[in-house]
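Shown next, in structure tokens, is the structure this report addresses.
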There are 2 protein chains.
Amino acid sequence: MIDDTEARKRIVEAADRLFYARGVQAVGMDAVRAEAGVSLKRIYSLFPSKDDLTVAVLRHRRAQWNAGLAAGAAQAHTARAKLLAIFDFLDAWFREPDFHGCAFINVFGELSGGSDDVRRTVREQKQAFADYVAALVRDAGAPAALAPQIAILAEGAQTTAAILGGPEAAAQARAAAATLLDAALAPDAGRAAA
Amino acid sequence: MIDDTEARKRIVEAADRLFYARGVQAVGMDAVRAEAGVSLKRIYSLFPSKDDLTVAVLRHRRAQWNAGLAAGAAQAHTARAKLLAIFDFLDAWFREPDFHGCAFINVFGELSGGSDDVRRTVREQKQAFADYVAALVRDAGAPAALAPQIAILAEGAQTTAAILGGPEAAAQARAAAATLLDAALAPDAGRAAA
DNA sequence: TTACCATGAGAACGTTCGTTCTCTATAGTA
DNA sequence: TACTATAGAGAACGAACGTTCTCATGGTAA
């Protein structure tokens with residue numbers, strides 16, 4: 001027998017794979033049981049409902065996302081470079097064979113009429129990303145108004161890459177972000193901020 | 001009795017309201033019947049399956065979207081103004097009380113693991129929008145690389161407004177688009193293009 | 001060994017859904 | 001008036017799902 005921590009991990013990772021590949025509603029709890037190798041009874045003893053499991057999966061995704069973002073940022077040494085590294089991270093992600101969009105956006109579209117917990121978890125993730133970008137923009141010495149612009153580029157790149165089906169959106173968004181950064185940091189941009 | 005054209009219209013409009021408000025999978029065909037006031041038999045005689053109805057609803061949405069975009073563009077007299085009018089159109093849309101995201105993105109997230117027809121219809125819509133932006137960018141005399149950047153801003157504004165829940169993303173994306181346009185049309189931007 | 005408890009496998013339950021079928025009422029026609 | 005064709009109302013059907021329950025099994029304590 002495996003302990004609760006290991007069982008939890010197996011269940012969440014299995015559900016993550018299945019939910020992302022096929023959508024939450026299209027995956028039955030029995031499929032999660034088969035993929036995780038953990039009995040239904042055990043699953044329901046650890047997660048009271050499919051909704052709770054979905055939230056746990058989203059939290060797992062958030063941890064993965066944050067780790068990937070941090071790894072990309074660690075290679076960069078200026079705030080400006082860390083901001084652009086976001087798009088390099090996206091570029092690598094878009095090239096993965098099973099990429100088909102941001103799990104948070106997909107789940108939001110699928111369950112927005114349903115669970116409040118899921119909706120709140122998605123919002124928290126996007127807000128946290130916006131805050132991350134805002135901190136880097138501040139470090140770069142750019143006006144705060146630049147932050148949501150760069151966050152919007154990142155969001156747009158994800159949906160564009162998912163729907164149109166190529167990695168190009170990452171480079172396109174990166175170029176736009178670079179232009180916006182240059183404009184915000186250019187000497188005569190200071191006039192508007194001053 | 002109403003004729004087929006009228007019945008089709010009632011069914012598609014009813015399904016559009018319900019699908020957008022609650023999601024496709026969460027709405028049963030019986031709810032569509034009740035909202036449209038058309039019998040199930042009639043619905044199935046006009047649309048062979050729920051998938052076909054979903055595609056018809058997306059086509060209806062596309063027509064609405066194109067009309068709104070055209071109305072906004074008609075007020076503007078330069079290509080640059082028509083490009084920025086996209087974001088004014090988004091701004092007005094985001095302020096509608098029942099706005100909760102782009103129907104195409106939502107449906108894509110919901111059914112991406114399912115129907116090929118739905119996936120293709122969503123892709124066609126986003127591609128058509130990208131083409132629309134590209135034509136305006138060409139008219140404005142800006143480099144072609146600007147077009148996907150502006151399209152990505154529009155997509156990102158839609159998901160950001162849906163998830164974070166305010167209309168601010170439209171103005172933020174508009175400001176970014178204006179900066180990108182200025183940078184693309186500035187004299188010294190010609191060096192890169194030349 | 002025997003009694004007991006926890007566990008996994010999966011059957012079972014109640015609900016919902018997409019789709020089809022039945023029945024009835026009506027309208028048109030001779 | 002009698003017959004026919006059509007369409008609506010909604011029952012019916014088969015499948016799938018989330019969740020719970022049953023039962024057999026295997027390990028453990030006395």
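Sequence lines set the chain letters: A, B, ... in the order given, protein chains first and strands last, and positions in each chain run from 1.
Distance from the side chain of Ser39(B) is smallest to dG8(D) among dG8(C), dG18(C), dG8(D). In the set dG18(D), dT20(C), dT7(C), the nucleotide with an atom closest to the side chain of Lys41(A) is dT7(C). Distance from the side chain of Met29(A) is smallest to dG18(D) among dG18(D), dT19(C), dA9(C).
Toward the 5' end of DNA chain D, the nearer of the two residues Gln25(A) and Leu40(A), judged by each one's closest nucleotide, is Gln25(A).
Atom pair Arg33(A):CZ and dA11(C):C1' shows a separation of 12 Å (rounding to whole Å applied). Tyr44(A) has its OH atom 16 Å from the C1' atom of dA9(C), to the nearest Å. In this entry the distance linking CG of Asp30(B) with P of dA11(D) reads 10 Å, nearest Å. Put simply, CD1 on Ile11(B) is 13 Å from C1' on dA7(D), counting in whole angstrom units. For Phe47(A) and dT20(D), the CZ to P distance is 15 Å, given to the nearest whole Å.
Comment: Arg42(B) engages Asp4(B) in a salt bridge, judged by a side-chain N to carboxylate O separation of less than 4.0 angstrom. Between Asp91(B) and Arg95(B) a salt bridge is recorded (basic side-chain N to carboxylate O distance below 4.0 Å). In this structure, Arg80(A) pairs ionically with Asp182(A), as a charged nitrogen and a carboxylate oxygen lie closer than 4.0 Å.
Checked options Leu136(A), Thr78(A), Leu181(A), Ile150(A); the residue passing with Leu84(A) is Leu181(A) (criterion: side chain to side chain contact (heavy atoms under 4.5 Å, CB included)).
The residue Val27(B) sits close only to the backbone: its heavy atoms come under 4.0 Å of sugar-phosphate atoms, none of a base.
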